[in-house]
Amino acid sequence: MIRRTFLTRALSAAVASLFARNVSAQKPENGMQDMQGMSDMPSMSGGKMHMAATLAPADALPAGAPLAVLRKLTNESSEPGVFLGTLVAQPVQHEFLPDKPTTFWQYGNTTQGPVVGPLIDVREGDTVEIRFVNRLPQPSTIHWHGLPVPPDQDGNPSDPVAPGATRVYRFTLPSGSAGTYWYHPHPHMKTAEQVFRGLAGPIVVRSADDPLAAWPERHLFLSDLRLASDGSIPANDMMDWMNGREGQFVLVNGARRPRILVATDERWRVWNACSARYLRLSLGAGHRFAQVGTDGGLLEQPREELTELLLAPGERTELIVRAGMGPADAVLTAGVYDRRKMAMSHGSLPPEPHRALADVRFEPPSAAGNPLTPRAIPTSLRIVPSLGVPVTQKSVVFSEAMNMAAMQRSGASTHGMPAGMTFMINDAIFDPARISLTSRRGEVELWSIENRTDMDHPFHLHGTQFQVIDREQGAVNTPEPYRAWRDTVNVQPGETVRIATVQEMAGNRMFHCHILEHEDLGMMGTLKVI
Ligand code: C2O
Ligand code: CU
Ligand code: CU
């Protein structure tokens with residue numbers, strides 16, 4: 001609470017404008033530019049900061065189009081078991097607002113169809129080779145979020161691909177890796193910007209013995225977009241750096257509030273690819289659904305009769321949604337979730353109001369003419385083996401500090417980011433030259449992740465899937481009710497989440513908060529696996 005009091009008293013409008021100016025300046029060390037930047041100083045009113053750029057209204061993007069089908073990355077290989085693909089990251093213009101084209105950064109060059117990167121649809125055992133061409137004005141990498149790829153193929157910030165350069169990422173998908181993953185850039189201090197300009201795409205890894213293979217599958221890739229009224233994508237302001245960026249639009253497969261027709265029971269894969277937005281998903285009280293999978297694939301048993309499910313930034317889920325049950329019309333909604341965003345003046349910001357993500361129409365089974373409806377979900381989906389007794393323990397502590405002196409220092413920003421606003425892991429911000437933790441290959445470890453800040457942070461570990469063991473909050477210990485493979489888990493303020501994890505390959509792995517602004521600000525560490 002010390003920090004919140006501090007902000008109340010000390011964060012004057014002058015400091016706030018210093019921040020915003022530095023954030024938007026191309027060359028933060030350049031005094032002239034700083035002076036010019038004064039013209040787009042934000043103003044303070046009612047404890048909220050308003051940027052000079054006016055935003056497009058929240059209904060500026062058309063809604064109600066049928067849900068777009070994700071484009072698929074073409075396999076350039078005809079050899080069985082080999083997937084060869086090319087991902088070009090480049091500026092591409094789309095006309096989201098009439099006559100005001102927006103330059104996105106996206107994978108691929110199509111202006112048709114969604115901005116979302118193409119779906120990489122592969123199988124366990126496949127050898128995957130992706131040629132990455134960087135046509136961005138800055139260095140980038142591709143990170144294979146959640147996949148057990150070798151450390152030197154995982155797009156670490158220490159392995160940048162320069163503007164204009166090409167590199168090949170190569171890995172083989174082990175058996176047991178079937179699940180729902182995604183890819184996105186991971187360059188040093190530029191991840192948030194590259195993702196909010198459009199770079200991210202889905203991956204599905206399939207197994208030969210998937211008990212749900214026959215179910216019709218639907219993909220919902222949820223991302224966040226902020227558009228100025230002139231069609232541009234504004235830079236982050238100070239509030240974005242503090243709380244993580246949330247735009248005025250949430251897109252499903254690249255479009256606002258699409259229409260989904262459910263005519264038969266379906267398997268949904270849902271990605272939360274938003275930079276910072278938490279999605280408390282529901283279809284309304286009349287439509288219960290089952291959860292059958294998490295980040296790293298199927299659960300042991302379906303979790304039936306759910307009315308809501310929280311997906312933190314970076315997380316994925318697999319659901320079974322039933323046709324012909326409940327009212328014919330429903331709204332896929334992100335309900336209110338208070339992640340305790342910090343305010344400029346005092347206390348927390350109120351949580352975002354609930355928001356409609358998609359309109360869903362359920363057709364009765366007869367109208368669909370599908371005799372298989374409703375299908376039974378197998379009661380046993382697969383075995384998720386326990387990792388066994390951990391042989392060693394590790395501690396990860398999230399903390400935060402706001403340093404007034406650093407905030408006020410002239411030119412106090414690095415790489416266009418505000419200085420003095422620190423989100424830390426184990427009392428330190430990320431330093432590419434430092435190893436934060438060391439693990440031995442093949443050793444099962446118990447990690448405790450403790451959140452000593454005042455807001456939620458989603459913890460993410462590269463290179464493996466882990467299992468949540470229990471969660472402790474206010475001396476109450478809640479064992480995780482079911483076993484599941486995850487690579488991202490939310491940690492609430494004051495909470496400690498314990499996970500069992502093991503790394504199989506030697507090399508450096510990142511772990512960090514998946515609010516991308518926090519990651520860029522240094523809420524990240526390097527795990528060295530020996
Ligand atoms: Cu999805 Cu280190 O990231
Ligand atoms: Cu990752
Ligand atoms: Cu965070």
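Counting starts at 1 for both ligands and their atoms, following the listed order.
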What I want to find out is whether [X] reaches [Y] closely enough, with some N-O distance under 4.0 Å, to be called a salt bridge.
| X | Y | answer |
| --- | --- | --- |
| E472 | R498 | yes |
| E450 | R452 | yes |
| E217 | R206 | yes |

Do Q465 and D295 pass the side chain to side chain contact (heavy atoms under 4.5 Å, CB included) test, and can you show the C-alpha distance, the side-chain angles, and the key distance before you say yes or no? CA-CA 8 Å; Q465 294 287 318; D295 306 329; 3.7 Å; yes
Under the side chain to side chain contact (heavy atoms under 4.5 Å, CB included) rule, what do E517 and N236 come out as? Steps first, then yes or no, please. CA-CA 9 Å; E517 283 74 20; N236 273 341; 3.0 Å; yes
Is the Cu ion (ligand 2) less than 2.8 Å from at least one N/O/S atom of H186?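 So H186 does not count as coordinating the Cu ion (ligand 2).
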Under 2.8 Å from the Cu ion (ligand 2), is there any N, O or S atom belonging to H143?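 Within the cut-off used here (under 2.8 Å), H143 does place an N, O or S atom near the Cu ion (ligand 2).
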Would you give the length of the straight line joining atom CG of L119 to atom CH2 of W271, rounded to the nearest 0.5 angstrom?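 The CH2 atom of W271 is 6.0 Å from CG of L119, to the nearest 0.5 Å.
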Check for me: within less than 2.8 Å of atom 1 (Cu) of ligand 1, which protein N/O/S atoms show up?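 You should have found H145 ND1, H184 NE2, H514 NE2.
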From the options H460, H457, H514, H186, select the one residue that forms a side-chain hydrogen bond (donor to acceptor under 3.5 Å, both in side chains) with E519.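 Looking at H460, H457, H514, H186, the match for E519 under the side-chain hydrogen bond (donor to acceptor under 3.5 Å, both in side chains) is H186.
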Atom of H460 nearest the Cu ion (ligand 2) (restricted to N/O/S, atom name only):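 In H460, the N, O or S atom with the shortest distance to the Cu ion (ligand 2) is NE2.
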